[in-house]
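Written out below as structure tokens is the structure these notes cover.
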Amino acid sequence: MKKLLLILLTGFSLSAFALDLDTAKSQGLVGERPDGYLGVVHGGSAEAAALVKDINAKRRAVYVDIAGKRGTSIGAVEVTAGQKAIEKTEPGNFILDGDHWVRK
């Protein structure tokens, strides 16, 4: 489980996209949500939205796998992953706090 979460939280190789996750985060285009998924910050671009959609689909697949192996709900896995992702978010990058994006 730790390996899967590590892969998940460090991002995915997305050579198909000109915008990568680290760049999108550092530019303030995307941020981590408490539910374990990424979100587009303040409107963002179509490119950022496509990146978020792709990564979130991959994250969901990992969460479903972990939930199945652990015999727990996907919701529990999502919340745990969200907490860990927010903890690991670099200072200056965005996280969703309630209904508002804030810089960590």
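Bear in mind the structure is a predicted one, so any value in this text is a computation, not a measurement.
- Between I86 and R33 there is no side-chain heavy-atom pair separated by less than 4.5 Å.
- Rounding to the nearest 0.5 Å gives a distance of 9.0 Å between OH of Y63 and CD1 of I74.
- Atom NZ of K104 sits about 9.0 Å away from atom CG of N93, to the nearest 0.5 Å.
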Check the pair H42, F94 against side-chain contact (heavy atoms from CB on, under 4.5 Å), reporting the backbone distance first and the verdict last. CA-CA 10 Å; H42 306 301; F94 281 95; 4.2 Å; yes
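- Tracing side-chain contacts under 4.5 Å through hydrophobic residues (I, L, V, M, F, W, Y), one reaches Y37 starting from V64; they form part of the same cluster.
- K58 NZ to L38 CG: the interatomic distance, rounded to the nearest 0.5 Å, is 12.0 Å.
- V79 places none of its side-chain heavy atoms less than 4.5 Å from the side chain of P34.
- For the atom pair CD of E87 and CD1 of I95, the computed distance is 10.5 Å after rounding to the nearest 0.5 Å.
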Pair V30-L21, side-chain contact (heavy atoms from CB on, under 4.5 Å): steps then yes or no: CA-CA 8 Å; V30 303; L21 180 57; 4.1 Å; yes
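- Expressed to the nearest 0.5 Å, how far CG of L51 lies from OG1 of T23 amounts to 9.5 Å.
- R59 CZ to E78 CD: the interatomic distance, rounded to the nearest 0.5 Å, is 11.0 Å.
- Under a 4.0 Å N-O distance rule, the pair E32/K25 qualifies as a salt bridge.
- In this structure the side chain of L29 never reaches within 4.5 angstrom of the side chain of V40, judged on heavy atoms.
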